[in-house]
Amino acid sequence: YSGFVTGNSVADMLLGYYNDAALFQPAAFSVEGKVGNPRQFNFQYLAPYIQDDWKLSPRLTLNLGVRWDFRTVPYETHNRMGWNDVTNQLGGMCIADPTLVDKGIAPAGNGFYRYCGKNRPIDNPLTPFAPRVGFAYRPFAGNKTVIRGGYGIFWDSAEGREIDGSADIYPYVSRGDYKQTAGQVAPLQTTDALFPSFSNPGPVTPAANSFLAVNISEAPRNPYVQQWSLSVQRELTSNTKLEVNYIGNKGTHLLMRRNFAQALVPTDPNNVTPVLERRPFPNFNVFINSDWSGNSSYQSANVKLEHRAGRLLFTTAYTWAKSIDNKSSAAGIGGA
């Protein structure tokens, strides 16, 4: 309650004029007798690999290998899930449950829900190969100098929380975020008429079901990191070693979250275009979607000097490093 009607927030509360209200409640197809919204997401992970070392000469050893990180795209046991329908220019959802069409929740031509003929957004990717290569080389006679290097790709998976909201859609639950402002076209609503009734469930409507949070992406990706290193180690004396290292890595397709339904920046000179008219997808109020455009980069140089004296070991190390990314964690929205 902000006081936008009477000028006093307490007075607005007593009269029931809310400024912003959010709710999460059971709906027509909720599981009877169950608290919340039970869902059973299924996915599998399989990662066979082969790796071996080859001593090509007394001075050169190679380490070669490859790994296949196969992760399936999740689906829900009872098809109680949905994702963004990119073919709907006004904003819409693909649903995995064909019975919603027959039961009148998503009739043909409703303009919001569409049965897309599958139980997950995309087929399982089959090409997550992760090669490994490394070497150790003694360029001179003897064992005083060794050069080592390596490169590898390492696949990862996204947080499981990213698919949790995919089942939190009508008619399994009702999730709403209702806002009112002074001067709006529609009549002001009070809290006694706020919560929807599902005694006679009807077709889905964008107005009542347009708040969608943390849904599975319509184009899910698996993030991966490339790592590489190069080092030179030299024995200065029988008890002293000097080592110089370069280490780098690069993260690609890192998980981000975006509210892609957020209103666009005003283009009129006086910035008077209402927020509702600036939304890129009018059917969506909020849609927090997984995004895979995150990147990271790490570069470092490391120098280490090690000396043995009897039972003591003296080590001195110095590292210069730079780490930069456009998303340090998935939980925030945008680049936060």
Side-chain angles (χ1 to χ4, degrees), residues 39-49 65-77 79-89 91-96 114 116-132 151-169 212-228 248-262 280-281 284 286-298 323-336:
R39 75 291 303 272
Q40 296 176 353
F41 286 107
N42 303 268
F43 48 90
Q44 294 176 319
Y45 173 47
L46 180 68
Y49 72 94
V66 65
R67 179 185 179 103
W68 186 55
D69 279 273
F70 177 68
R71 291 174 170 89
T72 61
V73 178
Y75 69 92
E76 205 279 327
T77 299
N79 293 326
R80 298 161 65 93
M81 66 181 294
W83 57 90
N84 180 35
D85 183 1
V86 295
T87 67
N88 192 331
Q89 296 183 352
M93 294 284 290
C94 278
I95 53 173
R114 182 171 70 92
C116 294
K118 48 189 175 183
N119 65 352
R120 66 187 93 193
I122 63 172
D123 294 331
N124 299 315
L126 299 176
T127 57
F129 290 100
R132 310 278 200 275
Y151 171 84
I153 293 178
F154 302 85
W155 291 88
D156 200 357
S157 59
E159 295 180 13
R161 175 71 179 92
E162 294 308 300
I163 64 176
D164 188 52
S166 305
D168 293 338
I169 60 175
L212 301 154
V214 196
N215 277 43
I216 189 171
S217 170
E218 69 274 9
R221 306 289 294 268
N222 285 325
Y224 67 91
V225 175
Q226 301 176 73
Q227 296 183 353
W228 55 87
N249 66 58
K250 182 182 184 301
T252 305
H253 297 318
L254 305 183
L255 173 62
M256 306 176 78
R257 288 180 184 171
R258 295 191 186 276
N259 176 14
F260 68 79
Q262 183 172 330
F281 302 100
F284 291 138
V286 173
F287 199 128
I288 301 174
N289 204 22
S290 299
D291 182 285
W292 308 98
S293 60
N295 292 281
S296 69
S297 174
Y298 176 82
S323 178
I324 188 169
D325 61 65
N326 57 4
K327 194 63 187 293
S328 297
S329 69
I333 306 300

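Bear in mind that the values here come from a model prediction, so they are computed numbers and not experimental data.
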Just wondering, do [Y] and [X] contact through their side chains at under 4.5 Å, heavy atoms?
X    : Y    : value
Y298 : K250 : no
P74  : I216 : yes
P223 : T252 : no
M256 : S293 : yes
R120 : V73  : yes

Legend entry - Whether H253 and Y224 hold their rings parallel, tilted or perpendicular, with breakpoints at 30° and 60°: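 Geometry flag for Y224 against H253: perpendicular rings.
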Distance from [X] atom [atom1] to [Y] atom [atom2], nearest 0.5 Å?
X    : Y    : atom1 : atom2 : answer
N289 : R258 : CG    : CZ    : 10.5 Å
D168 : M81  : CG    : CE    : 11.5 Å
N84  : C94  : CG    : SG    : 8.0 Å
S166 : N215 : OG    : CG    : 4.5 Å
L212 : M93  : CG    : CE    : 5.0 Å
E218 : C116 : CD    : SG    : 11.0 Å

Shortest non-hydrogen contact from [X] to [Y]?
X    : Y    : result
N119 : N79  : CB-OD1, 3.4 Å
L255 : S290 : CD1-CB, 3.9 Å
F129 : W155 : O-NE1, 3.1 Å
S217 : P121 : O-CG, 3.4 Å
F287 : A261 : N-CB, 4.0 Å

Inset, instruction - Please name all residues satisfying ring pair (Phe, Tyr, Trp, His ring centres under 6.0 Å) with F70, sequence neighbours left out, ordered by chain then number. - result: W68
Show me the donor-acceptor pairs within less than 3.5 Å that the side chains of residues 40-47 make with the rest of the protein, sequence neighbours left out.
| residue | atom | partner | partner atom | Å |
| --- | --- | --- | --- | --- |
| Q40 | OE1 | T77 | OG1 | 3.2 |
| N42 | ND2 | Q40 | O | 3.0 |
| N42 | ND2 | Y75 | O | 3.3 |
| N42 | ND2 | T77 | OG1 | 3.0 |
| Y45 | OH | R67 | NH2 | 3.3 |
| Y45 | OH | D69 | OD1 | 2.6 |

Inset, instruction - Taking the six-membered ring of Y49 (Phe, Tyr or Trp), confirm whether the NZ or CZ of R132 is under 6.0 Å from its centre and within 45° of its axis. - result: no
Inset, instruction - Determine whether the side chains of Y151 and Q226 contain a donor N or O and an acceptor N or O closer than 3.5 Å. - result: yes
Inset, instruction - Check whether any side-chain N or O of S296 sits under 3.5 Å from a backbone N or O of G251 as a donor-acceptor pair, and report yes or no. - result: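 Present.
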Inset, instruction - Using side-chain hydrogen bond (donor to acceptor under 3.5 Å, both in side chains) as the criterion, list what pairs up with N295, not counting sequence neighbours. - result: none
Inset, instruction - Answer yes when R39 and D164 have at least one side-chain N-carboxylate O distance shorter than 4.0 Å, and no when they do not. - result: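 The answer is yes: the pair qualifies as a salt bridge.
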